[in-house]
Amino acid sequence: MREPILKAVAMPPRVFWAPMMPAVINLCMQAPLLFIFQLWSVNPLWFIPAILAGHLVAVFFGTREPHISKMAQSYGPFMIAYKNVYPGRGHKLAP
């Protein structure tokens, strides 16, 4: 029996050919810099190449690994530093 492949699993959401999370991170990093540099009268058109370059990097990594958004989201909880209950080598999650 053939099972249908769900589109949400097969192809994650994209914004102009880039995965959602890297594209949003790029925008969230570039937009505040644009507004901060406007305080010193810097022309905002100078930020267009930087935004496009960041987006092209996101597109490049998105074509190599389409599920990079989910991989980055699942990477966070494993960065917790555990403290051993008893002194010894390595990480012991249980006594």
Side-chain touch [X]/[Y], heavy atoms, less than 4.5 angstrom:
X: Met20; Y: Pro12; result: no
X: Pro19; Y: Pro66; result: no
X: Ile36; Y: Trp40; result: yes
X: Phe47; Y: Phe37; result: yes

Which heavy-atom pair separates [X] from [Y] by the least distance, and what is that distance?
X: Pro22; Y: Ile68; answer: CG-CG2, 3.9 Å
X: Pro32; Y: Leu27; answer: CD-O, 4.2 Å
X: His55; Y: Asn26; answer: N-ND2, 3.3 Å

Worksheet item: In the hydrophobic clustering that connects Ile, Leu, Val, Met, Phe, Trp and Tyr at side-chain heavy-atom distances below 4.5 Å, which members other than Met29 occupy its cluster, ordered by chain and number?
Response: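 Other cluster members: Met21, Ile25.
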Worksheet entry | Hydrophobic cluster of Leu52, others only, ordered by chain and residue number, side-chain cut-off 4.5 Å |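 So far as hydrophobic clustering goes, Leu52 is joined with Leu45, Ile48.
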Practice prompt. Calculate, to the nearest 0.5 Å, the distance between atoms CH2 and CG belonging to Trp17 and Leu56 respectively.
Written response: 10.5 Å
Item to complete: Examine Val59 and Val57 and state if one hydrophobic cluster contains both, with Ile, Leu, Val, Met, Phe, Trp and Tyr joined whenever side-chain heavy atoms are less than 4.5 Å apart.
Response: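 Val59 does not cluster with Val57.
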Practice prompt. Could you state whether Leu33 and Phe35 fall into the same hydrophobic cluster, counting links through intermediate Ile, Leu, Val, Met, Phe, Trp or Tyr residues with side-chain heavy atoms under 4.5 angstrom apart?
Written response: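 Hydrophobic grouping puts Leu33 with Phe35.
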